[in-house]
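Structure first, then comments.
In what follows, chains carry the letters A, B, and so on, assigned in the order in which the sequence lines appear, proteins first and then strands, with residues in each chain numbered from 1.
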Amino acid sequence: MESIAVKDFDLEKTLGCGQFFRYERKEDGSYLISLRDRLFSVRQEGSKLFFSGVPKEFVIRLFRLDENYQKIIKSISKDEFIRKTIKTNFGMRLMRQDPWECLISYICSANNNIPRIKKNLEMISMKFGKRIAHDAHKGFSFPNPGELSNYDKIRGCGVGFRSRFIHETNQTIEEGRLNSLKDRSYEEAREELIKLKGVGDKIADCVCMFSLEKLEAFPVDVWMRRVMLENYFKGEDPKKISNNRIREFGREYFGRYCGYANQFLFYYRRLQK
DNA sequence: CGTCAGGTAGCCA
DNA sequence: TGGCTACCTGAC
C-alpha cells in the first residue's frame, strides 16, 4: 500500500472533529471514506499515512497536507484558551470537501444530530447514487447535482422538512457555478449561498470553510455560541450578543485563518469540555 | 409521552 | 436588524 510521510497531522481527529460525515472506522483502525464517486481507505501509523483507492495528490489535497500548519497555528494562537484547544486536538486539519456534497450535507445538518445526518447522507447515496467498490468494500456514490429531482424519494431518506430545501437546491444549482465560488471573495460566495433555500448564515459559512477554501469564515452554531460566550464575552449579557457579532469578533480576533480556530473551539467544546 | 438535536424561513415590531 | 416560532424524525 502506498504511503505519505506526514507531520502535524492526526487522521482520527481530522475525521472525528465533525466537519465530514461519510466515513467509517474499520476494525483494523483504518477508515473507509466516501467522497462523491470515490471510495477509498486511509490509515495512519505515526508519521505515515497509508492509503489506497485514490491517487496520492488527492489525499494530500483532501487533508490539506500541502499547507503550512505551523504557520496557521501560530497565527491563530492568540490566547491561552485557544492554545489549550489546539493542544488538545493537535494535528486536526480542515478538509477540502466537494462543494456540492458539502452543501447538501450541511443542509441536512440544520436542527439535526450527527448520527442522523450520517444516516440521511447514507440513504441519499443508497437511493440516488451508483454502486461503487474498493477492494472488498462496497458503497454508493453521492448523486450529482440534478439527480435529486424526485421529491418523494428524497422524503424517503428521512430528512424531514429539509426535503424541500434539498429538492430546491438540486433544481437551482449548476455545479460549475458552485465550484467557481472558490474564485470569488468570501463575502460574495457567502452571499450567493445564502440565496439558496435552507442555507442561512451558519451553513453558508460551513460550505465556504469546508469546501470553498475560505478559511476566513467563522460559522456560529449553538456550540460555537456557547464556547465563545464562555470565553470571549465573559460577564456580558448573552441576550445582547448576536451570532453575527460573534462571527465578526471571531474573524477579526483570530484573523485570516480563523476557520481553523473555529474548528478547534468547536471540537473542544463539544467533546472535551 | 415530552424533550432535544451542529438552523432556517417566515412573520412581526 | 432583532426576536419570535414551527419544523421532520428518531433516540432517550
Checklist entry - Which is the 5'-most and which the 3'-most nucleotide of DNA chain B that has an atom under 4.0 Å from a heavy atom of chain A? => result B/dA5 to B/dG10
Checklist entry - Given the side-chain rings of A/Phe233 and A/Phe249, with only the six-membered ring counted for Trp, is the space between their centroids under 6.0 Å? => result yes
Checklist entry - Hey, any chance A/Met95 and A/Ile72 share a hydrophobic cluster, counting ILVMFWY side chains that come within less than 4.5 Å of each other, even indirectly? => result no
Checklist entry - Can you list the stems that include DNA chain C, where a stem is three or more consecutive Watson-Crick or G-U pairs with distances under 3.5 Å? => result B:2-5 with C:9-12, B:7-13 with C:1-7
Item to check | A/Asn120-A/Asn112 side chain donor-acceptor pair, cut-off 3.5 Å | outcome: yes
Next on the checklist: Between C/dC8 and B/dC11, how far apart are the two P atoms, rounded to whole Å?
Outcome noted: 15 Å
Checklist entry - Only one of A/Phe81, A/Tyr260, A/Tyr232 clears ring-ring contact (aromatic ring centres under 6.0 Å, His included) with A/Phe254; which? => result A/Tyr232
Item to check | Contact check, side chains of A/Lys26 and A/Arg43, non-hydrogen atoms, under 4.5 Å | outcome: no
Checklist entry - Heavy atom of residues 84-120 of chain A under 4.0 Å from DNA chain C: which residues? => result A/Asn111, A/Arg116
Checklist entry - Within this structure, what is the CE-to-C1' distance between A/Met123 and C/dC8, rounded to whole angstrom? => result 13 Å
Item to check | Value in whole Å for how far the P atom of C/dT9 lies from CZ of A/Arg162 | outcome: 9 Å
Next on the checklist: Students often get this wrong, so: under 4.0 angstrom with heavy atoms, is A/Val199 touching a base, only sugar-phosphate, or nothing?
Outcome noted: sugar-phosphate
Item to check | Sugar-phosphate, base or nothing in reach of A/Lys239, heavy atoms under 4.0 Å | outcome: sugar-phosphate
Checklist entry - When the aromatic ring centroids of A/Phe140 and A/Phe128 are compared, is their separation below 6.0 Å? => result no
Checklist entry - Quick one: ring-ring contact (aromatic ring centres under 6.0 Å, His included) pairs with a partner in residues 46-68 of chain A, sequence neighbours left out? => result A/Phe9-A/Phe63, A/Phe40-A/Phe58
Next on the checklist: Holding to side-chain hydrogen bond (donor to acceptor under 3.5 Å, both in side chains), I want the full list of residues that pass it with A/Arg164, two or more places apart in sequence or in another chain.
Outcome noted: none
Checklist entry - What integer distance in Å separates A/Ile154:CD1 from C/dC8:P? => result 15 Å
Next on the checklist: Tell me every residue that passes salt bridge (Lys or Arg N to Asp or Glu O under 4.0 Å) with A/Glu12, counting only those two or more places apart in sequence or in another chain.
Outcome noted: none
Item to check | Name of the residue among A/Val207, A/Val159, A/Thr169 meeting side chain to side chain contact (heavy atoms under 4.5 Å, CB included) with A/Ile107 | outcome: A/Thr169
Next on the checklist: Taking the nucleotide of DNA chain B with the nearest heavy atom to each, does A/Arg226 or A/Ile194 sit closer to the 5' end?
Outcome noted: A/Arg226
Next on the checklist: Counting the atoms with a prime plus P, OP1 and OP2 as sugar-phosphate, which does A/Asp201 contact under 4.0 Å by heavy atoms, base, sugar-phosphate, or nothing?
Outcome noted: sugar-phosphate
Item to check | A/Lys74 and A/Tyr69, any side-chain heavy atoms less than 4.5 Å apart | outcome: no
Checklist outcome for this item: Comparing nearest nucleotides in DNA chain B, the 5'-proximal residue of the pair A/Asp221, A/Phe165 is A/Asp221
Item to check | Whole-Å gap separating P (C/dG2) and CZ (A/Arg245) | outcome: 10 Å
Next on the checklist: How many whole angstroms separate atom CG of A/Asp237 from atom C1' of C/dG2?
Outcome noted: 14 Å
Checklist entry - Do the rings of A/Phe165 and A/Phe161 sit parallel, tilted or perpendicular, given the 30° and 60° boundaries? => result perpendicular
Checklist entry - Between C/dC8 atom C1' and A/Ile124 atom CD1, what is the distance in whole Å? => result 13 Å
Next on the checklist: Please give the distance between the P atoms of C/dG3 and B/dG6 as a whole number of Å.
Outcome noted: 23 Å
Checklist entry - Roughly, in whole Å, what's the span from CD1 in A/Ile246 to P in C/dG2? => result 12 Å
Checklist entry - Hey, does A/Gly200 reach any base, or is it just sugar-phosphate, or nothing, if we go heavy atoms under 4.0 Å? => result sugar-phosphate
